[in-house]
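Structure record follows, encoded as structure tokens.
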Amino acid sequence: MVVDQVKQYAVTLSYFAATLTVTAESGAVVTATLGTKQYTGTCGSNGKCALTVNYAGTYSVTATKSGVSSSTASASVSTSGGSYTATVKFCTLTVTIDSGSTVKAVNGSTTLTATSSGTATSSGTAKFYLPNTGTWSVTATKNGETATGSVACSSYTGYTLELSYVKVFGVCWNYNAQSTALTRLKKSTDPNGLVNVDITTNPAPAVGTGAGSSPFDNYLPWSGMDEYNIINNAVSYKKGTSGFSRSSYDTVVFIPEYYFRIIDDATNKKRYFYIADKAKSGFTKHPGSGKYVGRYNTISGHYSKTGAAPLVNLTRASARSGARGKGSKWSEYDFASWCAVWLLYLVEFSDWDSQSKIGRGYVDGNNSAIKSGGTDSMTYHTGRAAGTDGKTAVQYRHIENPYGNIFEFIDGINFSDGTVYVCLNPASYADDTATNYTNIGSKIQNDGYITAIGVSSAMPWAFYPTAVGGSETTYIPDYAYFSSGWRVLHVGGGWIDGGYAGLFYFNANNTSSHSYSGVGARLLFHP
């Protein structure tokens, strides 16, 4: 105002103010900058901070929390004042794991550590504000247990990672449908809410020395299935270590201890098969796990070695006697461990048709059994040897010829007409008796391709056919034979059994005194 004479002057002054409300995170310190002017505040529990700014213009808005900067937003404030908003985001990673776990997130040279919080009986969370993008490797530990995972973080957003000390895998069988395929369960599709690992790809067995792959190679118990030598009744050299020999020593495959749960939904004709790598509420340790299964068909002298013809023309009792003669920790391959292997296969491959998934096996028009070691040249643990499918050996996780080549006696199970008796104590294995055995149910007494299996409340892991009438491409596409009276079990199918053979082939047709050139055995070591 220019004052140029004596009189009273008047002027009106306006105080400029505008409100800029920034949305960030609770406790974040917000800064709005316009040139040299800055306004700061802290977000409340609602994640908002209201700043009063005194100049018009375009503000640059950021926030910091836990020493980490947010994204940058802009807000244009006009000369008319009023209210304005801006939103900034952090790059965060929220890890869900048991409450009280120590959680470490690592990216390059940056390491962040937090303790997951939550109730004592539920999962907790640990939230990290990430100072840089990239792949973060996460490790959680609690009470000696470890869980790991990783997540690629590339933008200002919230990332999540769910970890579990116990990993659960599962498949669902719709036994009202003819398809041999089961449905692989994921966290979002498991109606029982047990699966906590999403498997998104399928196994690819190898042929010959070619490559193979399986998503289960990264998880126990499958990843722990490897070859070992047994020397002087003790577990010795592991495959790949100095001293290991398939020809000098008994060679076996370790079946790591695992836990299972089977749920039968009779109303909807669905059965759920679950495997957990550690103890978990509602799950039971599989009695056939934690054992060492012979890699090869038993050879003369009752060895599991490469390069020799299978030992045949023996009864189950003579196979049992030969195994026991090796030492107190040896037995013939038994029903519990046979069931442990097929359940591992079923959850991994999600299909009853082992011949189509792994290979037909040595089953098509062959004249006699082949020597052990047909898969020794393979570099991958599952698949078939090079050559014509049906005329080559197969292996499942190092177990050679689990079907095909010869039939194998299975101990610890007896049949009396339709009744199935099972024993879990190798010292009590015997033929034609129910003494020390448990009645687990009744099997079908007709021959044919399997269409149904029983569910035993006493031993829910047990596999025994209760109906036949399918085919080589439907239901459970392996054959079953039955007869009345006391009978013993042999499995797998022999060198001429074609489509009858498979991992689930089930022959309860022969008496304990039966022996012929196509039936042999496999060893089992109990540590």
Side-chain angles (χ1 to χ4, degrees), residues 207-208 227 246-247 250-253 293-323 326 332-334 338 341-342 354-355 358-378 382-411 478-481 488-510 512-524:
V207 176
E227 297 178 48
R246 288 168 168 162
S247 58
D250 282 306
T251 304
V252 294
V253 178
V293 177
R295 165 166 163 77
Y296 303 110
N297 302 133
T298 300
I299 64 171
S300 179
H302 297 276
Y303 294 110
S304 177
K305 296 180 181 180
T306 190
L311 176 63
V312 293
N313 281 318
L314 72 170
T315 64
R316 191 174 71 167
S318 62
R320 181 187 306 126
S321 176
K326 294 173 67 66
E332 186 185 355
Y333 196 17
D334 64 18
W338 180 74
V341 171
W342 75 252
S354 57
Q355 287 188 304
I358 296 176
R360 282 182 66 79
Y362 187 72
V363 297
D364 287 340
N366 304 299
N367 295 320
S368 62
I370 53 174
K371 293 181 179 181
S372 57
T375 60
D376 283 358
S377 63
M378 294 181 65
T382 297
R384 65 177 179 87
T388 302
D389 196 15
K391 294 184 175 293
T392 60
V394 296
Q395 63 177 1
Y396 173 63
R397 292 202 169 266
H398 304 289
I399 302 173
E400 183 176 278
N401 292 325
Y403 54 89
N405 198 34
I406 62 168
F407 304 94
E408 293 177 348
F409 282 119
I410 297 296
D411 217 345
D478 296 344
Y479 216 76
Y481 287 96
V488 298
L489 176 65
H490 57 257
V491 299
W495 62 74
I496 58 170
D497 279 283
Y500 280 22
L503 194 61
F504 303 95
Y505 176 99
F506 199 93
N507 191 318
N509 187 51
N510 297 305
S512 59
S513 61
H514 175 83
S515 67
Y516 80 101
S517 61
V519 180
R522 188 180 296 268
L523 291 166
L524 184 67

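This structure is a prediction, so every number in the text was calculated from the model and none was measured.
For the atom pair CD1 of Ile410 and CG of Asn507, the computed distance is 11.5 Å after rounding to the nearest 0.5 Å. For the atom pair CZ (Arg360) and CZ (Arg384), the distance works out to 11.0 Å, reported to the nearest 0.5 Å. Rounding to the nearest 0.5 Å places NE2 of His398 at 10.0 Å from CE of Met378. With rounding to the nearest 0.5 Å, the separation of CG in Asp334 from CG in Leu524 is 5.0 Å. Remark: Tyr296 OH to Lys371 NZ distance equals 13.5 Å, nearest 0.5 Å. We find the CG-CD distance between Asp411 and Glu332 to be 4.5 Å, quoted to the nearest 0.5 Å.
Residues in residues 390-399 take part in these salt bridge (Lys or Arg N to Asp or Glu O under 4.0 Å) pairs, two or more places apart or across chains: Asp217-Arg397, Glu348-Arg397.
Across all non-hydrogen atoms, the minimal contact from His514 to Phe409 is O-CZ, 3.9 Å. Scanning both residues, Ile370 and Asn405, for their nearest heavy atoms gives N-OD1, 2.8 Å. Annotation for Arg522 and Glu400: closest pair NH2-O, 2.7 Å, computed over non-hydrogen atoms. Minimum heavy-atom separation, Asn313 to Ser515: C-CB, 3.9 Å. The two residues Ser372 and Ile299 come nearest to each other via the heavy atoms OG-CG2, 4.1 Å. Smallest separation of non-hydrogen atoms from Tyr303 and Leu523: C-CD1, 3.8 Å.
Considering Asp376, Thr251, Asn401 as possible partners of Arg295, the one that fulfils the side-chain hydrogen bond (donor to acceptor under 3.5 Å, both in side chains) test is Asp376.
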Check the pair Ile358 / Tyr403 against side-chain contact (heavy atoms from CB on, under 4.5 Å), numbers first and verdict last.
CA-CA 11 Å; Ile358 296 176; Tyr403 54 89; 3.5 Å; yes

Should Val491 and Trp342 be marked as a side-chain contact (heavy atoms from CB on, under 4.5 Å) after you check the CA-CA gap, both sets of side-chain angles, and the distance that decides it?
CA-CA 12 Å; Val491 299; Trp342 75 252; over 6 Å; no

List the atom pairs, donor and acceptor, that lie under 3.5 Å between side-chain atoms in residues 494-503 and the rest of the protein, sequence neighbours left out.
| residue | atom | partner | partner atom | Å |
| --- | --- | --- | --- | --- |
| Asp497 | OD2 | Gly494 | N | 2.7 |

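Using a 4.5 Å cut-off on side-chain heavy atoms (C-beta onward), Val394 and Pro402 make contact. Inter-residue side-chain proximity for Leu489 and Phe506 is flagged as met; some heavy-atom pair is nearer than 4.5 Å.
Remark: aromatic rings of Tyr505 and Phe407 are close, center separation under 6.0 Å.
More than 12 heavy atoms of other residues, nucleotides or ligands lie within 6.0 Å of NZ in Lys326, so this atom counts as buried by the packing criterion.
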